[in-house]
Protein chains: 2
Amino acid sequence: MALPDKDNSAEAIAASLAHAIHEHRLAPGSKLSEDEVGEIFGVSRTVVRAALQRLSHSRLVELKRNHGAFVAQPSIREAREVFEARALLEPRTARSAAERIMPADIQLLQSHIEAEHDALKNGSAGRALYLSGQFHVEIARIADQDTIAEYITQLVARSSLVIALYWQRRAALCESHAHDALLRALATHDGQRAEELMKEHLLSLMTSLDLRDRNAVPTSLREALGA
Amino acid sequence: MALPDKDNSAEAIAASLAHAIHEHRLAPGSKLSEDEVGEIFGVSRTVVRAALQRLSHSRLVELKRNHGAFVAQPSIREAREVFEARALLEPRTARSAAERIMPADIQLLQSHIEAEHDALKNGSAGRALYLSGQFHVEIARIADQDTIAEYITQLVARSSLVIALYWQRRAALCESHAHDALLRALATHDGQRAEELMKEHLLSLMTSLDLRDRNAVPTSLREALGA
DNA sequence: TCATCCAATATCGTATACAATCATGTGTCC
DNA sequence: GGACACATGATTGTATACGATATTGGATGA
C-alpha cells in the first residue's frame, strides 16, 4: 500500500480507504479492523481511528460501538435521499459551471471521459466508476463552489456504495453518453441545457437502480433469510 | 458544564461545543485547547481530539497543525458559498415539507417561533439565533429528508459563524416575520409559496450581511491594522 | 438432546506517556 | 543597535497500555 504522507497521515489513510470504497475494491459491509488497517499503513490505532471517524462522518463507514468500523451499507431510503440531494445541488451547479468554464476545464473534462472509456475497455469497472464520479465533482469545482463541491464529493462517494448495492445490470452504458452531452453543453456555455441534462442524467441514474423494498440489503440476518 | 453521556462522550462534547458556537458563546477565532476542553468536560485529550476532529469536518472549527483548534472564521467567499448552498437546498425542501406537514409539526414550529420571541425579549440573542436556525433544520426534518437535514444543520451552524462576523446591525428583525409567513404557507400546504418564501428569506438574510471584501475578517494582523 | 450459564477471546474505548514541532525570548556577534 | 542563532517552553502528534464490552465456544444441568 502506498505509504501515506508523514504529515496528515490520518487524512491520507481516509482518502486511501475512500478511494478503495469508491472503486468497489472494498465492498459494503467489509470490516475495517483498527489493528489490521493500522498494520497495513504502518501506523498505530490512534491515527487509524481518526481516519475512520472521518469516514464515518462522511457516511462511508459505519462505526458500531465496541464492534468496529464497517464499510457502510446505505439503506434504500438513504439511497433515495442521496440522489435527491444530488438532484437539488448538481443541476444548478452545472449551470454555473457552464457560465464560468474555461478552455483548460473543457480539456480536463474531456480527458476524464476518455480515461473513463479506457478504464471500461480494460475491464476496470471500478476505476471507471470512480472517474465517472470525479466528472461530477469537477463540474462543481469549475462552478467555483468549494462548499458544494465538498458535498457533491461526499454524495458521489455514497452513490458508489448505492450502486454497489442496488445496481441492476440491465441499463448500463447510457452513462458515458450523458457525460458527453453534458460536456458539449458546458463547452458551449449553454447553462440552461447543462442544467437540464444534469437533471435528466441524475434521474436516469436513479432509475437504473433497483430501490424497491423487497431487495433491501440484508442488514439483519433474519431479513436476509426472508423470515 | 453538563457532564456528557458516558457513552459517546466525544459526540456529546462536539455537540456541546457546536451549541456554544451556534449561540455565539464562543466567538470565531477562539482557541480550543485540548487540555483546557478536556479539563472542562472531565475527559482526556483523546476524546477531546475526536470531538474537535468532528467539528473540524463540519467546518465549525479549524485545526492548525501543531497549533491547535480554533473556532472557524469563515472567509467572505465561504460565507457566500454557505448561503448559495442553502439557496439550493432549502427552498425545494420547504416545498416538500409543505406537502407532508402534519398538525404536530405545525405545533412544533409554532412553539419554536414563540421560544425565539421569548429569547429575544429576555435579551438572549444567542439563544434566539440558535432557535431561528433550528426552525430551518426542523423544516428539513418535516420534509423527511435526513441527508439534506444533516447538510442544512451544518450550513445553519456555519451561518451562525458568518453572522457573528459579517452581520450589520441595521436590518434586524425581518427574521421572525419571515418565519411566521413561512409557517403559514407550510400549514396551508402551499408548497409553491413556501418555496418562494424560503428563497426570499435566504436572500434577505444574505443581503443583511456585509460581504464586501474591505470588511474582511482580520485573519492576519497586517490586514487588521490596515497596512 | 437441548437450553442455559459462564469463561475465554478479541475488539474497541480511554487514559497516559513520550516524541515532535512551533513560538517565544535571550544572548551573542557583527 | 540590529540581526541572527539557539535554547526554552508550551502545545500538539503519535504510540502504547490498560480497562470495558460484546461475541464465541464449551461445559453443565435437566
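None of the values given here were measured: they were computed from a predicted structure. Letters A, B, ... mirror the listed sequences (proteins, then strands); counts begin at 1.
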- Among residues 45-56 of chain B, which contact DNA chain C at a heavy-atom distance under 4.0 Å? B:R45, B:T46, B:V47
- Item | Test item: A:S132 side-chain N/O and A:A128 main-chain N/O as donor-acceptor pair under 3.5 Å | no
- Item | Heavy atoms of other groups near A:R141 CZ, more than 12 under 6.0 Å | yes
- Is the shortest side-chain N to carboxylate O distance from B:D144 to A:R77 below 4.0 Å? yes
- Does the side chain of A:H67 get closer than 4.0 angstrom to OP1 or OP2 of D:dT23 through an N or O atom? yes
- Over how many whole Å does the gap from A:L63 atom CG to C:dG13 atom P extend? 7 Å
- Message: With the threshold set at under 4.0 Å for non-hydrogen atoms, list the residues of residues 28-39 of chain B touching DNA chain D in residue-number order.
- Response: B:K31, B:S33, B:E34
- Would you say the side-chain atoms of A:H179 and A:H112 include a donor-acceptor pair closer than 3.5 Å? no
- Message: Does A:Q107 have more than 12 heavy atoms from other residues, nucleotides or ligands lying within 6.0 Å of its CD?
- Response: no
- Take the protein atom CD1 of B:I13 and the nucleotide atom P of C:dG13, then report the distance between them rounded to whole Å. 15 Å
- Item | Inter-residue atom distance A:F135.CZ - A:L131.CG, 0.5 Å rounding | 11.5 Å
- Task: Indicate the atoms forming the closest heavy-atom contact of A:I101 with A:L109, along with that distance.
- Result: CD1-CD1, 4.2 Å
- Quick one: B:K64 NZ to C:dA20 C1', roughly how many Å, whole number? 20 Å
- Item | A:R65 CZ to D:dT21 C1', straight-line distance once rounded to whole Å | 9 Å
- Backbone N or O of A:L203 within a donor-acceptor pair of the A:T207 side chain at under 3.5 Å? yes
- Among D:dT23, C:dT14, D:dT16, the one nearest B:S9 by side-chain distance: C:dT14
- Task: Check the distance between D:dA22's P and A:N66's CG and give it to me in whole angstrom.
- Result: 6 Å
